[in-house]
Amino acid sequence: VQILKGIDKGKQGVVCWLIKERNWCYVEGLNCFYRWLNRSANNPGLLTKVEKPLLVTTEVSLLDPSDMQPTGVEWRYDADGNRVRVSLRSGRIIPMPRKALDEAEDYVDKNDYIEQIWDTKEKELTKVTFQPVASSFEQDIMNSMGIKEDRKRAPKFYY
Amino acid sequence: MAALSITKGCFTATTKIILKITQCRKLSSQLNAVVNHLSLLRLSPSASAAASSSHGSLLHSSPVRGFHSSTACFFHKTQPVEDLMEFFDHKDTWGEKTVTCGRPYRLDELRIKSNQDLHKLWYVLLKERNMLMTMEAEYTRQSELFPNPERITKVEESMENILEVVKERDNAVSMLETGKPSGPGGAYVRDFLGRVVWRDFKEYAVPPHVNKVYRLLHPRGFKALHLKYLPLWREKIARKRWGRYHGQRKMNEELVKKFPHLEGKLTVPLPEEPKIY
């Protein structure tokens, strides 16, 4: 990405952290401030460089890989049916980082996950068992369990 | 590889619970103590036989809890498990800092499942949730950090998704059969101030004129025609709009004084009549 606002305006960098809730991104080594740690009368302390967040929507822009210049981006579907980012200037597809695709919401990488005995297997998950029935969910369950309800239901009121 | 969080499968209910005191942390040992106590509560064949000797019933090694019958009756399911241990996680996860956990069930994954599967999954998730909440309570009791608390959120999300899918299916059937959407529906009604508002209907066991809260909010003889609130509210809205209109006009006059070329070019639209039904 290229930073559009702030002290490091115009510089290009790689996004290292995202905070989705606030639309924040942290660019590696850019837009930083300096902080002293453990500073006291005796100890000079340690000067650390800390990145400040940038708003994804306004303060940062994705780069077109063909010319490495900031562009506007649109989400579109390619020939294979994948949802991809397309540069508005040149039409070039901007590839998604592998981490963004493989990492789940709880920051666990898909490929690093170790399957446990309590996890559902992919085969069972993708198995289609749905049979459309012209009865409500409740009725379908009652039919399959052999529950017969002959009693007249008490009136229900909706208001 | 899509891996998901699902409760442990049915494990055989043994007559004796063998507790392994492992070299886990203090928590684990505490849990073991709790479990030891609970295991005594579990129905063992001898205990159940003694309890129901008066009934003269034959109970097999894994009885259904709370089921007593006078005649010999076997109540079989796939693998009846009434172990209180189900309220606890796998023993090897006790005292661990992190427990590997997958992701919640997505809507698309649930839509391909039959109603029976969803019904079963609901109870599996319910049991998992109970287990996680028990573990959370125990960890807090021991003043320890509960590992991966997002597991509860994931289970809850899965359960919400199931409800969503069931709602969709019911709605689809209802629309096909009756042409009306399923669910309680709603309507535009007058609230206690006389304002016309959309009210989402809820299910009640009693009619409205019997419902205490409803009667307080909608007392009899409280007709909208007699309400003084509506015209006053209309006045307030109108006053605000006219205030803005006049303010903008004054500002425009000032601008024209400064920049005479704007004469006749600045216009302010008249305010709309407030829609109070």
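Quick note on labels: first sequence line is chain A, next is B, and so on, each numbered from 1.
When all heavy atoms are compared, the tightest approach of B/Leu118 to A/Phe137 is CB-CE1, 4.3 Å. Shortest non-hydrogen contact noted between A/Ile117 and B/His90 is CD1-CE1, 3.5 Å. Across all their heavy atoms, B/Val173 and A/Ser135 have their closest contact at CG2-O, 3.8 Å.
Without hydrogens or angle criteria, A/Asp106 side chain to B/Glu150 main chain gives no donor-acceptor distance under 3.5 Å.
With a threshold of 4.5 angstrom between heavy atoms, A/Ala134 approaches chain B through its backbone and through its side chain. Only the side chain of B/Thr93 comes within contact range of chain A, judged by heavy atoms closer than 4.5 Å. At a 4.5 Å heavy-atom cutoff, the contact between B/Val99 and chain A is made by side-chain atoms alone.
Heavy atoms from other residues, nucleotides or ligands lying under 6.0 Å from CG of B/Asp200 number more than 12. Open room surrounds CG on B/Leu145; 12 or fewer heavy atoms of other groups in view lie less than 6.0 Å from it. By the neighbour-count criterion of 12 heavy atoms within 6.0 Å, atom CE of B/Met133 is sparsely surrounded, having that number or fewer from other residues, nucleotides or ligands. For CZ of B/Arg215, the number of neighbouring non-hydrogen atoms (other residues, nucleotides, ligands) closer than 6.0 Å is 12 at most.
At a heavy-atom cut-off of under 4.5 Å, chain B is reached by no residue from residues 28-36 of chain A. Scanning residues 57-67 of chain A against chain B with a 4.5 Å non-hydrogen threshold yields no residues.
Separating the CG atom in A/Leu125 from the OH atom in B/Tyr105 is a distance of 6.5 Å, to the nearest 0.5 Å. Atoms CD and CG, from A/Gln131 and B/Asp117 in turn, are 11.0 Å apart once rounded to the nearest 0.5 Å. Rounded to the nearest 0.5 Å, atoms OG1 (A/Thr129) and CG (B/Asn115) are 9.0 Å apart. Between the CD atom of A/Glu124 and the NZ atom of B/Lys113 there is a distance of 7.5 Å, given to the nearest 0.5 Å. Atom OG1 of B/Thr100 is separated from atom CD of A/Glu115 by 11.0 Å, given to the nearest 0.5 angstrom.
A/Met145 places none of its side-chain heavy atoms less than 4.5 Å from the side chain of B/Gln116. Between B/Arg103 and A/Tyr113 the shortest side-chain heavy-atom distance does not fall below 4.5 Å.
Under the salt bridge (Lys or Arg N to Asp or Glu O under 4.0 Å) criterion, A/Lys11 pairs with A/Asp8, sequence neighbours left out.
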In a table with atom names and distances, give each donor-acceptor pair under 3.5 Å that connects a side chain of residues 149-159 of chain A to protein atoms at least two apart or in another chain.
unit_1   : atom_1 : unit_2   : atom_2 : d
A/Glu149 : OE1    : A/Arg151 : NH2    : 3.3
A/Glu149 : OE2    : A/Arg151 : NE     : 2.5
A/Glu149 : OE2    : A/Arg151 : NH2    : 3.1
A/Tyr158 : OH     : B/Glu203 : OE1    : 3.3
A/Tyr159 : OH     : B/Val206 : O      : 2.8
A/Tyr159 : OH     : B/Asn211 : ND2    : 2.9

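Residue with the most contacts toward chain B among A/Val133, A/Val128, A/Thr126, A/Ile141: A/Ile141 (heavy-atom pairs, distance under 4.5 Å).
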